[in-house]
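Predicted, not measured: the structure shown is a model, and the values here were computed from it.
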Amino acid sequence: MKVVNLSKNQFYRLSPLPLETGICNSEGDILEFQKRTKSYILKKLKETEGPVFANKLYTIEMLDAHRDSIPSEFTLPTSLLSIQGKLSGFVMPKIQGVNLQTVLDDPTVDAKEKIYYLKTIGQLLEKIKHLQQYGNLSDFHINDLHESNIIINPQKKEIHIVDTDSCKIAGNKTFFARYLSPSALLSHEISGKYPITENNGMGAFVDATENTDLYCYMIMILNFLSRTKDFNFSKPEEFYSYLTYLSDIGIDKELIDIFSNLLTAKQNQNPYHLLDTLSYEQLGKASKNVFSLKKS
């Protein structure tokens, strides 16, 4: 894989990438980089030695090796980053657009447009499933799937998965994922559908699988419905109480059944094809605030 070599002076002259309100990054510094007429993003990692860094480098190399098989929605690293002769991170194209979290939070964006983007994510998961079954990447998962890791191009109505260095691929160790923590709803599932990782130093709680990707996707949908940024009920009974409320306001039974299977031994299903059943009236009533008032 190619390497972009910068001196310390060149690196320190770079400008940080402005992050939209509410978007955070904890793995390292993200900076803008111009090379000729093209714009790139540099990600300088905090950990640049040890098993975590080795796993990160292996992941980036595997993404590059399988570049031709991975769906075009993934923004893949193009080069490794070296600062003063020391490997320190990687380089990827700069994607022009708006963070999905910002789009979902924007009251001026029509709810049906938001549903369109959520559906597109579900369709991408179907592409990945096909790749796992019929391609050469049986061990490929997004892993850290959440709203802030997706960029929207509103003009082209396209989605772009960023932060792909946290993907599960080719036998690498699973990285930490925002919605896959010990405090997450999935920790109440006891059949082993979400396999607990060994202590591999990556901060991960469960191994990335098709079930965990679908779990994260459904948490995103539930965030959208409940108008929260981190949908999470500390007790399963609260989760099921909310699903009962969704049923009471007329939301499609099949969609609710798919949500309810998150905490059962059944394999998770992709509900993207059911999102068009959601009406404006149902979306208005589904917020967690309204649910809490009805419950009190």
Side-chain angles (χ1 to χ4, degrees), residues 59-60 62-76 100 114-152 157-180 184-186 189 191-197 204-224 231 252 254-278:
T59 301
I60 293 168
M62 289 301 99
L63 289 170
D64 186 56
H66 295 280
R67 182 178 299 275
D68 293 340
S69 300
I70 294 173
S72 60
E73 290 88 345
F74 285 80
T75 304
L76 302 179
L100 176 60
K114 297 176 183 180
I115 286 174
Y116 170 82
Y117 294 129
L118 290 171
K119 278 182 59 182
T120 304
I121 297 165
Q123 290 165 340
L124 175 59
L125 291 176
E126 286 298 298
K127 285 186 187 180
I128 294 172
K129 182 176 181 179
H130 188 272
L131 181 65
Q132 292 162 347
Q133 292 176 337
Y134 305 107
N136 60 349
L137 271 178
S138 59
D139 182 32
F140 179 64
H141 308 285
I142 298 176
N143 181 41
D144 193 16
L145 176 58
H146 61 82
E147 296 86 346
S148 297
N149 277 348
I150 299 171
I151 301 295
I152 300 298
K157 296 292 190 290
E158 294 175 342
I159 65 168
H160 300 272
I161 306 295
V162 296
D163 205 25
T164 51
D165 54 300
S166 294
C167 285
K168 185 76 172 71
I169 185 171
N172 69 340
K173 298 290 186 182
T174 303
F175 291 99
F176 169 82
R178 177 176 172 180
Y179 291 144
L180 305 176
L185 183 66
L186 89 173
E189 204 288 315
S191 73
K193 183 167 71 173
Y194 307 116
I196 307 299
T197 65
F205 174 59
V206 297
D207 285 319
T209 64
E210 180 184 350
N211 277 324
T212 61
D213 274 1
L214 287 170
Y215 171 88
C216 292
Y217 176 49
M218 280 185 267
I219 293 298
M220 292 171 64
I221 297 171
L222 288 164
N223 282 342
F224 168 67
F231 177 91
D252 187 274
E254 186 180 354
L255 179 57
I256 293 173
D257 287 344
I258 290 175
F259 289 148
S260 66
N261 284 338
L262 287 174
L263 297 185
T264 72
K266 290 184 178 180
Q267 295 297 296
N268 289 339
Q269 295 174 273
N270 192 331
Y272 81 90
H273 60 291
L274 297 169
L275 297 185
D276 283 331
T277 65
L278 296 167

Inset, instruction - Please round to the nearest 0.5 Å and tell me the distance separating atom CD1 of Ile258 and atom CG of Asn270. - result: 8.0 Å
Inset, instruction - Return the minimal non-hydrogen interatomic distance between Leu131 and Pro71, and the atom names on each side. - result: CD2-CD, 4.2 Å
Legend entry - Pairwise distance OH(Tyr134) to NZ(Lys129) - rounded to 0.5 angstrom: 9.0 Å
Legend entry - Passing candidate, ring-ring contact (aromatic ring centres under 6.0 Å, His included) with Tyr194, options Tyr215, Tyr179, Phe205: Tyr215
Legend entry - Side chain to side chain, Ile159 and Ile152, heavy atoms closer than 4.5 Å: yes
Legend entry - Min side-chain heavy-atom separation Glu254-Gln269 under 4.5 Å: no
Inset, instruction - With the side chain counted from C-beta on, respond yes when Leu145 and Thr212 share a heavy-atom pair under 4.5 Å apart, and no when they do not. - result: no
Legend entry - pair Asp64-Leu76: side-chain heavy atoms closer than 4.5 Å: no
Legend entry - Polar side-chain atom of Asn136 near backbone of Ser69 as donor-acceptor pair, under 3.5 Å: no
Inset, instruction - Would you confirm whether Asn143, through its side chain, and Ala208, through its main-chain N or O, come within 3.5 Å as a donor-acceptor pair? - result: no
Inset, instruction - Taking all non-hydrogen atoms of both residues into account, name the closest pair between Thr164 and Leu63 and its distance. - result: O-CD1, 3.4 Å
Legend entry - N/O donor-acceptor pair under 3.5 Å between Asp213 side chain and His141 backbone: no
Legend entry - Point-to-point distance, once rounded to the nearest 0.5 Å, from CD1 of Ile115 to CG of Leu274: 11.5 Å
Legend entry - Nearest atoms (heavy-atom pairs only) where Tyr217 meets Lys119: OH-CA, 3.9 Å
Inset, instruction - Report yes if the side chains of Phe175 and Lys168 come closer than 4.5 Å at any heavy-atom pair, otherwise no. - result: no
Inset, instruction - Evaluate whether atom NZ of Lys173 has more than 12 neighbouring non-hydrogen atoms of other residues, nucleotides or ligands under 6.0 angstrom away. - result: no
Inset, instruction - Kindly determine whether Leu186 and Asn211 satisfy side chain to side chain contact (heavy atoms under 4.5 Å, CB included), including the steps that lead there. - result: CA-CA 10 Å; Leu186 89 173; Asn211 277 324; over 6 Å; no
Inset, instruction - Please assess Leu255 against Ile221 for the test side chain to side chain contact (heavy atoms under 4.5 Å, CB included), listing each intermediate value before the final yes or no. - result: CA-CA 11 Å; Leu255 179 57; Ile221 297 171; 5.5 Å; no
Legend entry - Nearest-0.5 Å distance, CZ of residue Phe259 to CD1 of residue Ile219: 9.0 Å
Legend entry - Tyr117 OH to Leu100 CG distance, which is reported to the nearest 0.5 Å: 9.0 Å
Inset, instruction - For this output row, return yes or no: ring centroids of Phe74 and Phe140 closer than 6.0 angstrom. - result: yes
Inset, instruction - Determine the minimum heavy-atom distance between Val206 and Thr174, stating which atoms define it. - result: O-CG2, 3.5 Å
Legend entry - Any donor-acceptor pair under 3.5 Å from Asn149 side chain to Asp163 backbone: no
Inset, instruction - State, with a plain yes or no, whether a side-chain heavy atom of Cys216 is found less than 4.5 Å away from one of Leu180. - result: yes
Inset, instruction - Identify the two heavy atoms, one from Asn268 and one from Asn261, that lie closest to each other, and give their separation to 0.1 Å. - result: OD1-O, 3.8 Å
Inset, instruction - Give, for atom CG of Leu124 and atom CD of Glu126, the distance between the pair rounded to the nearest 0.5 Å. - result: 10.0 Å
Inset, instruction - Quick one: do Asp144 and Arg178 satisfy side chain to side chain contact (heavy atoms under 4.5 Å, CB included)? Show the steps, please. - result: CA-CA 6 Å; Asp144 193 16; Arg178 177 176 172 180; 3.6 Å; yes
Inset, instruction - List the atom of Lys193, the atom of Glu189, and the distance in Å for their closest heavy-atom pair. - result: N-OE1, 3.2 Å
Legend entry - Residues, nucleotides or ligands: over 12 heavy atoms within 6.0 Å of Lys157 NZ: yes
Legend entry - Heavy-atom donor-acceptor pair, Asn172 side chain to Cys167 backbone, under 3.5 Å: yes
Legend entry - Worked verdict on Met220 versus Glu147 for side chain to side chain contact (heavy atoms under 4.5 Å, CB included): CA-CA 7 Å; Met220 292 171 64; Glu147 296 86 346; 3.6 Å; yes
